[in-house]
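Start at 1 with the first residue, then count along the sequence. None of the values given here were measured: they were computed from a predicted structure.
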Amino acid sequence: MTITSPHLGSPAVWTDARLLYALEEVVETELNRHLQVAKDWMPHEYVPWTDGRNFPGLFEDGEGWDKEQSKVTEIGRIALVVNLLTEDNLPSYHHEIASLFGRDGAWGTWVHRWTAEEGRHGIVMRDYLLTSRAVDPDKLEQFRMSHMSEGFESDNRHSMLHSVAYVAFQELATRISHRNTGHQSGDPICDRMLARIATDENLHMVFYRNLLKAAFELAPDLTMQAVRDVVVNFRMPGHGIPGFERAAAQMAIGEVYNLRIHHDDVLQPVLRFLKIMEIDGLGPEGQKAQEELGLFMGGLDAEALKFDEKLAARKARMAARAGG
């Protein structure tokens, strides 16, 4: 597809390399903005170290794990494990975005900064979980080994533009998942920790969302197609975690992350910011993608409504049993 771009001065067939070059200035601007607003924080300050004690192993006084040792709720425990195992695959994520975005210039600086910030999340979550005895440490390590041994390959690794579109939504999805996990955890310390992590994730979302907006100005048709593809086929990066489908179902019922949350709190805010349905001047492929995106969102809202009704009915049944 040939698009006339005022930024490049002549008609150009957009490739990943050309888009990377054309967006470099935007990346630098967004990186500088991010560094001005992001606040460094210390993971160890969010961990209740005085609650910690030895596990069996090298220590004769080690105490075996029991779920009654923690105040974290069952849904909180499930979501915390999923969220941590997702964060654990950071080496694979870094490899992928470094391969797509490069390690030089503003792109490279962002890749390394993002990786460093994300590294804090796994550190503080694991320290909290082990110190507070919120999860079985043996199973957690077994899950980590299994998940990381599989590696990670994004559904969007074929395209830099698709990858930017994906992370614009995925970072917000991760923020929402962490925040809701904190709310459902039953532990104020956990809630504060995950609120701190969610703040980082929101800043990451803003970076990619603004980058995606700039991509629309450069290559609207290709960007619209990328957004359509990502939204229609979206799945979280932790989908390869052992037992993920069951855990995801429990998190949906527990209102940590479900269809309604995905539609209302993740997809819609980004699409509204981009004014996706108001973009005009698109070519045939761009218009088709825009129409398909609109239809998909309408269908997703209908599916979310059905889920809402089922969840409400389930709550009513549980309340009736508790009252009876």
Does the side chain of M224 reach to within under 4.5 Å of the side chain of I276, using non-hydrogen atoms? yes

Is L295 reachable from L305 through a run of I, L, V, M, F, W or Y residues, each pair having side-chain heavy atoms under 4.5 Å apart? no

Closest non-hydrogen atoms of T223 and A215, given as atom of the first, atom of the second and distance, are OG1-O, 3.1 Å

Grab the two heavy atoms, one from Y93 and one from P237, that are nearest each other, plus how far apart they are. OH-CB, 3.8 Å

Examine F216 and M277 and state if one hydrophobic cluster contains both, with Ile, Leu, Val, Met, Phe, Trp and Tyr joined whenever side-chain heavy atoms are less than 4.5 Å apart. yes

Using a strict 4.0 Å threshold on nitrogen-to-oxygen distance, state whether D308 and R260 make a salt bridge. yes

salt_bridge(E74, R77) N-O dist < 4.0 Å: yes

Main chain of D221, side chain of Q225: is a donor-acceptor contact present, judged purely on distance under 3.5 Å? yes

NE2 (H95) with more than 12 external heavy atoms under 6.0 Å: no

Before you tell me yes or no, could you show the steps for M236 and H239 under side-chain contact (heavy atoms from CB on, under 4.5 Å), namely the whole-Å CA-CA distance, both residues' side-chain angles and the distance that decides it to 0.1 Å? CA-CA 6 Å; M236 292 293 277; H239 59 80; 5.8 Å; no

Quiz question: by atom type and distance under 3.5 Å, do the side chains of Q268 and H262 form a donor-acceptor pair? no

Ignoring hydrogens and angles, tell me if any N or O in the side chain of N54 forms a donor-acceptor pair with the backbone of G62 under 3.5 Å. no

E60 atom CD: more than 12 heavy-atom contacts under 6.0 Å: no

For L203 versus A38, what's the shortest heavy-atom pair and its separation? CD1-CA, 3.8 Å

What verdict does the side-chain contact (heavy atoms from CB on, under 4.5 Å) test give for V27 and F207, after you've listed the backbone C-alpha separation in whole Å, the side-chain angles of each residue and the deciding distance to 0.1 Å? CA-CA 8 Å; V27 172; F207 178 94; 3.9 Å; yes

Is the distance between the ring centroids of F234 and F169 less than 6.0 Å? no

Does a side-chain N-to-carboxylate-O contact under 4.0 Å join R53 and E63? yes

For V82 and A247, work out which heavy atoms get closest and say how close. CG2-CB, 3.7 Å

In this structure, CD1 of I197 is separated from CZ of R120 (nearest 0.5 Å) by 11.0 Å

To the nearest 0.5 Å, what is the distance between CZ (F143) and CG (D136)? 9.0 Å

Gap separating the CZ atom of R272 from the CG atom of L267, nearest 0.5 angstrom: 10.5 Å

Close side-chain approach of R175 to L172, heavy-atom, < 4.5 Å: yes

Are side-chain heavy atoms of N210 and V26 found at a separation under 4.5 Å? no

For D88, is there an ion pair with R126 - N to carboxylate O distance below 4.0 angstrom? yes

To the nearest 0.5 Å, atom CD of E24 lies from atom OG1 of T29 at 10.5 Å

Can you list the steps and then say if R314 with I253 is a side-chain contact (heavy atoms from CB on, under 4.5 Å)? CA-CA 9 Å; R314 184 179 186 277; I253 294 171; 3.3 Å; yes

Taking D301 for its side chain and M297 for its backbone only, find out whether a donor-acceptor pair lies under 3.5 Å. no

Do the charged groups of E303 and K306 touch, with an N to O distance under 4.0 Å? no

R157 side-chain N/O to S154 backbone N/O, donor-acceptor pair under 3.5 Å: yes

Could you state the interatomic distance from CG (L282) to NZ (K288), rounded to the nearest 0.5 Å? 14.0 Å

Would you call the rings of H121 and W41 parallel, tilted or perpendicular, taking 30° and 60° as the class edges? parallel

For E25, look at atom CD and say whether over 12 heavy atoms of other residues, nucleotides or ligands are found less than 6.0 Å away. no

Side-chain heavy atoms under 4.5 angstrom apart, residues restricted to Ile, Leu, Val, Met, Phe, Trp, Tyr: same cluster for L140 and I123? no

For H44, does its backbone N or O pair with a side-chain atom of W49 as donor and acceptor, under 3.5 Å? yes

Backbone of T174 reached by a side-chain donor or acceptor of S177 within 3.5 Å: no

pair L194-D191: side-chain heavy atoms closer than 4.5 Å: no

Hey, mind stepping through H204 and E118 against side-chain hydrogen bond (donor to acceptor under 3.5 Å, both in side chains) and telling me if it holds? CA-CA 10 Å; H204 297 165; E118 288 286 344; 3.0 Å; yes

Residues R133, D51: salt bridge by 4.0 Å N-O rule: no

Within a 6.0 Å radius of atom CD on Q250, are there more than 12 heavy atoms belonging to other residues, nucleotides or ligands? yes

Exceeds 12 heavy-atom contacts within 6.0 angstrom, atom CG of D61: yes

Between E117 and R113, is the closest basic N to carboxylate O distance under 4.0 Å? yes

Please say yes or no: joined through hydrophobic side-chain contacts below 4.5 Å, possibly via intermediate residues, are F152 and M148 part of one cluster? no

Quick check: closest heavy atoms across E96 and E153, and the distance to 0.1 Å? OE1-CA, 3.8 Å

Any side-chain donor near an acceptor of the partner, H147 and N89, under 3.5 Å: yes

Can you find a heavy atom in the side chain of N258 that is under 4.5 Å from one in the side chain of E255? yes

Apply side-chain contact (heavy atoms from CB on, under 4.5 Å) to residues V164 and F101 and explain how you reach the verdict. CA-CA 10 Å; V164 169; F101 300 156; 3.9 Å; yes

Tell me if a side-chain donor or acceptor on T181 pairs with a main-chain N or O of A79 at a distance below 3.5 Å. no

To the closest 0.5 Å, what do you measure between CH2 (W110) and CG (L211)? 9.5 Å

Using side-chain heavy atoms (C-beta onward) and a distance below 4.5 Å, is T73 in contact with D187? no

Out of D229, D16, N233, which residue meets the side chain to side chain donor-acceptor pair (under 3.5 Å) rule with H162? D229

Within the 4.5 Å heavy-atom criterion, are V270 and V266 side-chain neighbours or not? no

Heavy-atom count around M145 CE within 6.0 Å, excluding the residue itself: above 12? no

Do I97 and L35 share a hydrophobic cluster (ILVMFWY, side-chain heavy atoms under 4.5 Å, transitive)? yes

Are any side-chain N or O atoms of E309 and backbone N or O atoms of A304, one a donor and one an acceptor, separated by less than 3.5 Å? no

Looking only at heavy atoms, the pair that brings L212 and L274 closest together is CD2-CD1, 3.6 Å

Pairwise side-chain contact, F55 with D138, heavy-atom cut-off 4.5 Å (strictly under): no

Are any of the side-chain nitrogens in E30 or R33 under 4.0 Å away from the carboxylate oxygens of its partner? yes

Polar side-chain atom of Y46 near backbone of Y128 as donor-acceptor pair, under 3.5 Å: no

